[in-house]
Amino acid sequence: MSVAQLTPREIAQAIRNVPDFPKAGVQFKDITPVLADSRLFAGTVELLTSHFQPGEVDAVVGIDARGFIFAAAAAMRLRAGFVPVRKQGKLPCQTLEQEYALEYGRATVAIHADALQPGSRVLLVDDLLATGGTAAAAAALVGRLGGTILEAAFVIELTFLEGRAKLPGLPIHSLVTY
Ligand code: AMP
(Lines give C-alpha, C1' and ligand atoms only; values in the text may rest on other atoms or scores of the structure.)
Protein backbone atom coordinates (compact mmCIF):
# COMPACT_ATOMS: atom_id res chain seq x y z
CA MET A 1 0.00 0.00 0.00
CA SER A 2 1.39 3.41 -0.92
CA VAL A 3 0.67 6.30 1.39
CA ALA A 4 3.10 8.63 -0.33
CA GLN A 5 0.40 11.08 -1.36
CA LEU A 6 -1.10 11.53 2.08
CA THR A 7 -1.09 15.12 3.31
CA PRO A 8 -1.62 16.47 6.83
CA ARG A 9 -4.69 18.21 5.39
CA GLU A 10 -6.33 14.83 4.76
CA ILE A 11 -5.61 13.82 8.34
CA ALA A 12 -7.08 17.11 9.56
CA GLN A 13 -10.26 16.51 7.55
CA ALA A 14 -10.75 13.14 9.25
CA ILE A 15 -10.25 14.38 12.81
CA ARG A 16 -13.61 14.86 14.51
CA ASN A 17 -14.13 17.83 16.81
CA VAL A 18 -16.41 16.95 19.72
CA PRO A 19 -17.53 20.03 21.68
CA ASP A 20 -17.86 19.82 25.46
CA PHE A 21 -16.27 16.35 25.84
CA PRO A 22 -15.35 15.09 28.40
CA LYS A 23 -16.45 18.32 30.06
CA ALA A 24 -17.90 21.70 29.15
CA GLY A 25 -15.55 23.98 27.25
CA VAL A 26 -13.23 21.27 25.88
CA GLN A 27 -13.05 20.82 22.10
CA PHE A 28 -12.09 17.13 22.05
CA LYS A 29 -10.13 16.02 18.98
CA ASP A 30 -11.32 12.51 18.15
CA ILE A 31 -8.72 10.58 16.14
CA THR A 32 -10.73 7.33 15.83
CA PRO A 33 -11.78 8.11 12.21
CA VAL A 34 -8.06 8.38 11.33
CA LEU A 35 -7.40 4.99 12.94
CA ALA A 36 -10.35 3.34 11.21
CA ASP A 37 -9.08 4.28 7.74
CA SER A 38 -6.11 2.07 6.81
CA ARG A 39 -4.57 4.65 4.46
CA LEU A 40 -4.92 7.49 6.94
CA PHE A 41 -3.59 5.43 9.84
CA ALA A 42 -0.57 4.13 7.94
CA GLY A 43 0.04 7.54 6.37
CA THR A 44 -0.10 9.29 9.73
CA VAL A 45 2.50 6.93 11.17
CA GLU A 46 4.59 7.40 8.04
CA LEU A 47 4.45 11.20 8.35
CA LEU A 48 5.33 10.99 12.05
CA THR A 49 8.43 8.89 11.39
CA SER A 50 9.58 9.47 7.79
CA HIS A 51 12.56 11.65 8.72
CA PHE A 52 14.07 8.77 10.72
CA GLN A 53 15.63 5.64 9.30
CA PRO A 54 15.28 2.24 10.97
CA GLY A 55 18.19 1.96 13.40
CA GLU A 56 18.31 5.66 14.28
CA VAL A 57 15.86 5.32 17.17
CA ASP A 58 16.28 2.77 19.97
CA ALA A 59 12.90 3.22 21.66
CA VAL A 60 9.61 4.89 20.90
CA VAL A 61 8.10 6.07 24.18
CA GLY A 62 4.31 6.34 23.93
CA ILE A 63 2.03 8.18 26.33
CA ASP A 64 -1.07 6.58 27.90
CA ALA A 65 -3.44 5.93 26.20
CA ARG A 66 -4.04 7.18 22.66
CA GLY A 67 -0.31 7.82 22.29
CA PHE A 68 0.24 4.05 22.52
CA ILE A 69 -1.59 3.48 19.24
CA PHE A 70 0.70 5.70 17.18
CA ALA A 71 3.84 4.97 19.19
CA ALA A 72 3.56 1.20 18.80
CA ALA A 73 3.04 1.53 15.05
CA ALA A 74 5.95 3.99 14.84
CA ALA A 75 8.16 1.56 16.75
CA MET A 76 7.37 -1.22 14.28
CA ARG A 77 8.18 1.04 11.35
CA LEU A 78 11.47 2.21 12.88
CA ARG A 79 12.45 -1.29 14.09
CA ALA A 80 12.63 0.22 17.57
CA GLY A 81 11.33 -0.98 20.91
CA PHE A 82 8.12 0.40 22.39
CA VAL A 83 8.06 1.76 25.95
CA PRO A 84 4.83 2.86 27.65
CA VAL A 85 4.55 5.86 29.95
CA ARG A 86 1.43 5.02 31.94
CA LYS A 87 -0.84 6.66 34.42
CA GLN A 88 0.14 5.97 38.01
CA GLY A 89 -0.62 2.52 39.39
CA LYS A 90 -0.77 0.59 36.10
CA LEU A 91 2.79 -0.69 35.66
CA PRO A 92 3.50 -3.85 37.65
CA CYS A 93 7.25 -3.58 38.35
CA GLN A 94 9.53 -0.96 39.88
CA THR A 95 8.72 2.46 38.47
CA LEU A 96 9.88 6.05 38.35
CA GLU A 97 7.05 8.52 38.78
CA GLN A 98 6.64 12.13 37.73
CA GLU A 99 3.92 14.45 38.96
CA TYR A 100 2.65 17.36 36.89
CA ALA A 101 0.01 20.06 37.00
CA LEU A 102 -3.38 19.72 35.32
CA GLU A 103 -5.82 22.58 34.75
CA TYR A 104 -7.39 21.54 38.05
CA GLY A 105 -5.21 19.45 40.34
CA ARG A 106 -2.29 17.21 39.60
CA ALA A 107 -1.56 13.91 37.85
CA THR A 108 1.27 11.39 37.91
CA VAL A 109 2.77 9.31 35.12
CA ALA A 110 5.15 6.39 35.50
CA ILE A 111 7.72 4.37 33.56
CA HIS A 112 9.34 1.05 34.41
CA ALA A 113 12.72 1.71 36.01
CA ASP A 114 14.44 -0.70 33.59
CA ALA A 115 12.57 0.42 30.46
CA LEU A 116 15.47 2.32 28.85
CA GLN A 117 19.21 1.88 28.75
CA PRO A 118 21.27 4.99 29.56
CA GLY A 119 22.03 6.70 26.26
CA SER A 120 18.97 5.27 24.51
CA ARG A 121 17.84 7.37 21.55
CA VAL A 122 14.15 8.02 22.09
CA LEU A 123 11.27 9.23 19.96
CA LEU A 124 8.49 10.48 22.27
CA VAL A 125 4.99 10.11 20.81
CA ASP A 126 1.51 11.20 21.84
CA ASP A 127 -1.68 11.84 19.90
CA LEU A 128 -2.03 15.47 20.98
CA LEU A 129 0.02 18.30 22.52
CA ALA A 130 -2.20 20.63 24.55
CA THR A 131 -0.70 22.45 27.57
CA GLY A 132 2.38 20.23 27.38
CA GLY A 133 2.26 19.03 30.97
CA THR A 134 1.88 15.36 30.09
CA ALA A 135 4.62 15.35 27.47
CA ALA A 136 6.96 17.31 29.76
CA ALA A 137 6.43 14.77 32.55
CA ALA A 138 7.06 11.89 30.14
CA ALA A 139 10.19 13.65 28.85
CA ALA A 140 11.41 14.09 32.42
CA LEU A 141 11.02 10.34 33.03
CA VAL A 142 13.04 9.56 29.91
CA GLY A 143 15.72 11.98 31.10
CA ARG A 144 15.82 10.43 34.57
CA LEU A 145 16.52 7.04 32.97
CA GLY A 146 19.38 8.53 30.97
CA GLY A 147 17.61 8.48 27.61
CA THR A 148 18.09 11.16 24.97
CA ILE A 149 14.96 12.41 23.25
CA LEU A 150 15.63 12.97 19.56
CA GLU A 151 12.18 14.44 19.00
CA ALA A 152 8.69 14.71 20.45
CA ALA A 153 6.08 13.86 17.81
CA PHE A 154 2.35 14.55 17.93
CA VAL A 155 -0.45 13.99 15.46
CA ILE A 156 -2.17 17.16 16.73
CA GLU A 157 -0.90 20.33 18.39
CA LEU A 158 -3.21 22.90 19.98
CA THR A 159 -0.82 25.78 19.42
CA PHE A 160 -2.88 28.33 21.38
CA LEU A 161 -2.15 26.39 24.58
CA GLU A 162 1.59 26.88 24.03
CA GLY A 163 2.59 23.39 25.10
CA ARG A 164 5.93 23.81 23.33
CA ALA A 165 7.00 26.18 26.07
CA LYS A 166 7.02 23.23 28.49
CA LEU A 167 9.39 21.28 26.22
CA PRO A 168 12.29 23.72 25.88
CA GLY A 169 15.17 22.55 23.75
CA LEU A 170 13.24 19.58 22.39
CA PRO A 171 12.61 19.27 18.65
CA ILE A 172 8.85 19.06 18.20
CA HIS A 173 7.08 17.59 15.19
CA SER A 174 3.32 17.94 14.84
CA LEU A 175 1.23 17.09 11.80
CA VAL A 176 -2.04 18.96 12.31
CA THR A 177 -2.23 22.27 14.20
CA TYR A 178 -5.18 24.23 15.55
P1 AMP B 1 -1.58 18.31 28.00
O2 AMP B 1 -0.85 17.68 29.14
O3 AMP B 1 -2.44 19.47 28.39
O4 AMP B 1 -0.64 18.64 26.84
O5 AMP B 1 -2.62 17.23 27.47
C6 AMP B 1 -2.22 16.25 26.59
C7 AMP B 1 -2.92 14.94 26.82
O8 AMP B 1 -4.32 15.12 27.06
C9 AMP B 1 -2.78 14.05 25.62
O10 AMP B 1 -2.44 12.75 26.06
C11 AMP B 1 -4.13 14.09 24.93
O12 AMP B 1 -4.54 12.81 24.56
C13 AMP B 1 -5.10 14.68 25.95
N14 AMP B 1 -5.85 15.86 25.46
C15 AMP B 1 -5.72 17.13 25.92
N16 AMP B 1 -6.56 17.97 25.29
C17 AMP B 1 -7.22 17.21 24.38
C18 AMP B 1 -8.21 17.51 23.37
N19 AMP B 1 -8.70 18.75 23.18
N20 AMP B 1 -8.65 16.48 22.59
C21 AMP B 1 -8.16 15.24 22.76
N22 AMP B 1 -7.24 14.89 23.68
C23 AMP B 1 -6.76 15.87 24.48
Side-chain angles (χ1 to χ4, degrees), residues 8-37 40-41 43-45 47-49 59-75 82-91 95-112 115-116 122-145 147 149-178:
R9 187 183 175 82
E10 288 176 85
I11 302 170
Q13 285 167 346
I15 293 167
R16 211 158 36 185
N17 189 71
V18 186
D20 300 320
F21 182 87
K23 59 182 182 181
V26 175
Q27 302 288 325
F28 189 86
K29 305 301 180 198
D30 176 24
I31 46 95
T32 61
V34 176
L35 302 176
D37 181 306
L40 289 177
F41 184 24
T44 299
V45 174
L47 285 171
L48 278 175
T49 57
V60 180
V61 172
I63 301 177
D64 203 342
R66 287 180 294 279
F68 292 167
I69 301 163
F70 296 103
F82 166 75
V83 172
V85 164
R86 297 217 61 184
K87 289 164 188 146
Q88 187 178 35
K90 300 288 188 186
L91 290 170
T95 57
L96 266 61
E97 298 192 343
Q98 188 78 32
E99 204 188 34
Y100 63 101
L102 295 174
E103 190 181 357
Y104 301 103
R106 304 191 68 76
T108 301
V109 286
I111 195 167
H112 269 147
L116 294 172
V122 168
L123 174 64
L124 182 66
V125 171
D126 202 359
D127 67 324
L128 185 144
L129 178 65
T131 67
T134 312
L141 290 172
V142 171
R144 286 168 60 192
L145 289 180
I149 300 179
L150 303 180
E151 183 178 277
F154 305 90
V155 180
I156 302 165
E157 179 179 0
L158 304 182
T159 55
F160 56 92
L161 293 175
E162 298 178 347
R164 281 173 183 252
K166 291 218 180 76
L167 302 168
L170 217 60
I172 293 170
H173 179 49
S174 57
L175 303 181
V176 176
T177 56
Y178 293 88

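Keep in mind that what you see is a predicted model, and the values were worked out from it rather than measured. Hydrogens, waters and symmetry mates are skipped; everything else that's a heavy atom, side chains included, is used. Counting starts at 1 for both ligands and their atoms, following the listed order.
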Which pairs of nitrogen or oxygen atoms, taken one from ligand 1 and one from the protein, are under 3.5 angstrom apart?
from: ligand 1; atom 1: 2 (O); to: G133; atom 2: N; distance (Å): 3.4
from: ligand 1; atom 1: 2 (O); to: T134; atom 2: N; distance (Å): 2.9
from: ligand 1; atom 1: 2 (O); to: T134; atom 2: OG1; distance (Å): 2.5
from: ligand 1; atom 1: 3 (O); to: T131; atom 2: N; distance (Å): 2.8
from: ligand 1; atom 1: 3 (O); to: T131; atom 2: OG1; distance (Å): 2.5
from: ligand 1; atom 1: 4 (O); to: A130; atom 2: N; distance (Å): 2.9
from: ligand 1; atom 1: 4 (O); to: T131; atom 2: N; distance (Å): 3.0
from: ligand 1; atom 1: 4 (O); to: G132; atom 2: N; distance (Å): 2.7
from: ligand 1; atom 1: 10 (O); to: D126; atom 2: OD2; distance (Å): 2.7
from: ligand 1; atom 1: 12 (O); to: R66; atom 2: NH2; distance (Å): 2.9
from: ligand 1; atom 1: 12 (O); to: D127; atom 2: OD1; distance (Å): 2.7
from: ligand 1; atom 1: 12 (O); to: D127; atom 2: OD2; distance (Å): 3.4
from: ligand 1; atom 1: 19 (N); to: Q27; atom 2: O; distance (Å): 2.9
from: ligand 1; atom 1: 20 (N); to: K29; atom 2: N; distance (Å): 2.9
from: ligand 1; atom 1: 22 (N); to: R66; atom 2: NH2; distance (Å): 3.2

Using modelled atom types and a 3.5 Å cut-off, is there a donor and acceptor pairing between side-chain atoms of T159 and backbone atoms of Y178? yes
Applying side chain to side chain donor-acceptor pair (under 3.5 Å) as the test, list every pair that has at least one member in residues 18-28; sequence neighbours left out. N17-Q27
Going by heavy atoms in the side chains, are [X] and [Y] under 4.5 Å from each other?
X   : Y    : value
D64 : T134 : no
L35 : I69  : yes
V60 : T49  : no

Could you check, using the six-membered ring where one of them is a Trp, whether F68 and F82 have ring centers closer than 6.0 angstrom? yes
